Number of protein chains: 2
Amino acid sequence: MSKSSNENSARERVLDVAEQLFASRGYAAVTLKDIAKQLGIKQASLYYHVPGGKEDLFVEVMLRHLERRRQGLEQIIAAGSLELEDCLTRVGVWLLSQPPLNASRIVSTDLPEIAPEKARQIERAMRHCFFTPMERFFARYQDRLRGDAGFIAGRFLSSVEALSLVKRYSPKTDEQLLAETIDLLLHGALKS
Amino acid sequence: MSKSSNENSARERVLDVAEQLFASRGYAAVTLKDIAKQLGIKQASLYYHVPGGKEDLFVEVMLRHLERRRQGLEQIIAAGSLELEDCLTRVGVWLLSQPPLNASRIVSTDLPEIAPEKARQIERAMRHCFFTPMERFFARYQDRLRGDAGFIAGRFLSSVEALSLVKRYSPKTDEQLLAETIDLLLHGALKS
DNA sequence: GTCTATACACTGATAGAC
DNA sequence: GTCTATCAGTGTATAGAC
């Protein structure tokens, strides 16, 4: 690698903190002072690590996050068992272990706040790293599915994302909620 | 009524514009200047209609919106046919005709921006006006359902909400997307 | 009902010392 | 790498004229 891991670590820590804050409160509500405070430094010091300022910081955070998703998803999908339900469970468990993406809020609320070209870049990455891998995964089971693999992939991803909201009101564990979510997606709400 | 409809209309227009902006861009990103501009007045003039300022404006907008949801939902549920799928379709069509709620973003991103008591008030109203009516509706069909009515109600509402994002990428009509959503929810993704 | 003027706080960003 | 100092811009909110 071109840089030692130590040279990277400080910058990575900035990105980690920014990621957590942007993810939970959104682009507009998070200030550079918030990020700096959590790092134990002053706001102006952030510009040493991220000369491009707030907007570029957000773009970097998002692209790094999405690339990590893509790698994680494709690894699980490639190595996963051939059983659909097992593989979905593994994907779901891993997704829940990651910082929440909140894709809907990002697209409709965060992206309009930044420069259009940067917004498009992030939107492209979301499709490429998040949606497309799952769509390809479901496409492998197309013959066993009723309906479009892309539509089902979208339903799966948004259902798993919605769990971070459901968790606030439900006493059930993540594993239980995930199992119910997958069961509902695959077999439906009606008794057969 | 204690006020003529004309006395109300100006204020209602303020709430309408604020509702549309808050719904699409979120609490933090919308400024009073944005709202005033769309009304064709100056920012300071808003304080004649809403003396409480931005935060109270947001609370009023949300409570009015949620109360409207509650009335609409309960009317459809009460007058609806006894057939589950038909009734869900009617509810879905009506929900799609309303300004999008974006419940997930409101809870996780907007509410932390305002005073905690006001946030709790809105959260309570969301449960009472949005979630509970649908939960009661599904509970009527409990004997035909696999799994908890509350869980299924949440899945249904979040699925319909997610359509405003799906619509960006799909060429299908609202009616098609809604029909697929309901079909998937009730019968699942797997062929039987 | 709407305006102008203004106070006040906050935010992103730059320059330069250490 | 982090700091202090500082600036321009913007946001909410108030006071008072019309």
Side-chain angles (χ1 to χ4, degrees), chain A residues 3-19 21-22 24-62 109-119, chain B residues 2-22 24-62 109-119:
Chain A
K3 294 179 179 181
S4 80
S5 57
N6 272 351
E7 274 169 357
N8 277 334
S9 63
R11 189 157 197 282
E12 292 295 313
R13 227 184 117 234
V14 173
L15 295 179
D16 289 340
V17 168
E19 176 174 18
L21 287 173
F22 282 139
S24 66
R25 289 167 45 204
Y27 178 77
V30 173
T31 70
L32 293 181
K33 199 178 180 182
D34 294 332
I35 299 171
K37 191 170 190 177
Q38 192 149 329
L39 286 164
I41 63 179
K42 297 295 182 182
Q43 173 253 138
S45 305
L46 282 174
Y47 284 83
Y48 170 81
H49 302 282
V50 189
K54 187 183 181 184
E55 211 171 274
D56 281 5
L57 173 58
F58 181 72
V59 174
E60 284 201 67
V61 161
M62 287 301 305
T109 304
D110 291 342
L111 293 189
E113 294 297 301
I114 67 176
E117 331 87 62
K118 298 177 183 173
Chain B
S2 56
K3 294 179 181 182
S4 80
S5 56
N6 272 350
E7 272 170 358
N8 276 333
S9 64
R11 190 157 197 280
E12 291 295 311
R13 228 184 116 234
V14 172
L15 294 179
D16 288 341
V17 168
E19 175 173 18
Q20 184 234 320
L21 287 173
F22 282 140
S24 67
R25 291 165 45 206
Y27 178 77
V30 173
T31 69
L32 294 181
K33 200 177 179 180
D34 294 331
I35 299 171
K37 192 171 189 174
Q38 192 149 329
L39 286 164
I41 62 179
K42 298 295 182 182
Q43 173 255 142
S45 306
L46 282 174
Y47 284 83
Y48 170 80
H49 302 283
V50 190
K54 187 184 181 184
E55 212 171 276
D56 281 6
L57 173 58
F58 181 73
V59 174
E60 284 201 66
V61 162
M62 288 300 305
T109 304
D110 291 342
L111 293 189
E113 294 297 301
I114 66 177
E117 331 86 62
K118 298 176 183 175

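So you know, we letter chains A, B, ... as the sequences are listed, proteins then strands, and number each from 1. The figures that follow rest on heavy atoms only: side chains count, while hydrogens, waters and symmetry mates do not. What you are looking at is a predicted structure, and each value in this text was computed from that prediction instead of being measured.
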For a side-chain contact (heavy atoms from CB on, under 4.5 Å) check, start with the C-alpha distance between I114(B) and L111(B), then their side-chain angles and the critical distance, and finish with the verdict. CA-CA 6 Å; I114(B) 66 177; L111(B) 293 189; 4.2 Å; yes

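The separation between I114(A) atom CD1 and dG12(C) atom P is 14 Å, rounded to whole Å. Spacing between atom OH of Y47(A) and atom P of dT6(D) amounts to 19 Å, rounded to whole angstrom units. Computed from coordinates, the L46(B) CG to dA15(D) C1' distance equals 17 Å when rounded to whole Å. Whole-Å rounding puts the K33(B) NZ to dA13(D) C1' distance at 15 Å. In this structure, the CD atom of E55(A) is 14 Å from the C1' atom of dT11(C), given to the nearest Å. Atom-to-atom, CG of D56(B) to P of dT14(D) comes out at 11 Å; the value is rounded to the nearest Å. In this structure, L32(A) atom CG and dC10(C) atom C1' are separated by 12 Å, rounded to whole Å. For the pair I35(B) CD1 and dA13(D) C1', the interatomic distance rounds to 14 Å; values are reported in whole Å.
Here the closest non-hydrogen pair linking Q38(B) and Q20(B) is NE2-OE1, 2.8 Å.
Every residue meeting the side chain to side chain donor-acceptor pair (under 3.5 Å) condition with T31(A), not counting sequence neighbours, appears here in chain and number order: D34(A). In this view, A44(A) satisfies the side chain to side chain contact (heavy atoms under 4.5 Å, CB included) rule with no residue, not counting sequence neighbours. By the side chain to side chain donor-acceptor pair (under 3.5 Å) test, E19(B) is found to be paired with R64(B), H65(B), R68(B), residues two or more places apart in sequence or in another chain being considered.
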Could you list all N or O pairs between the protein and nucleotides 2-5 of chain D that sit under 3.5 Å apart?
{"from": "dT2(D)", "atom 1": "OP2", "to": "H49(A)", "atom 2": "NE2", "distance (Å)": "2.6"}
{"from": "dC3(D)", "atom 1": "OP2", "to": "K42(A)", "atom 2": "N", "distance (Å)": "2.4"}
{"from": "dC3(D)", "atom 1": "OP2", "to": "S45(A)", "atom 2": "OG", "distance (Å)": "2.8"}

Between N or O atoms, less than 3.5 Å apart, protein on one side and nucleotides 16-18 of chain D on the other: list the pairs.
none

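D16(B) CG to I35(B) CD1: the interatomic distance, rounded to the nearest 0.5 Å, is 12.0 Å.
For the pair D34(A) and P51(A), nearest-nucleotide mapping onto DNA chain C gives the more 5' position to D34(A).
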Would you list the atom pairs, donor with acceptor, under 3.5 Å between side chains in residues 45-59 of chain B and any protein atom, with sequence neighbours excluded?
{"from": "S45(B)", "atom 1": "OG", "to": "K42(B)", "atom 2": "O", "distance (Å)": "3.4"}
{"from": "K54(B)", "atom 1": "NZ", "to": "Y27(B)", "atom 2": "O", "distance (Å)": "3.1"}
{"from": "K54(B)", "atom 1": "NZ", "to": "V30(B)", "atom 2": "O", "distance (Å)": "2.9"}
{"from": "E55(B)", "atom 1": "OE2", "to": "A115(B)", "atom 2": "N", "distance (Å)": "3.3"}
{"from": "E55(B)", "atom 1": "OE2", "to": "K118(B)", "atom 2": "NZ", "distance (Å)": "3.1"}
{"from": "D56(B)", "atom 1": "OD1", "to": "K118(B)", "atom 2": "NZ", "distance (Å)": "2.8"}

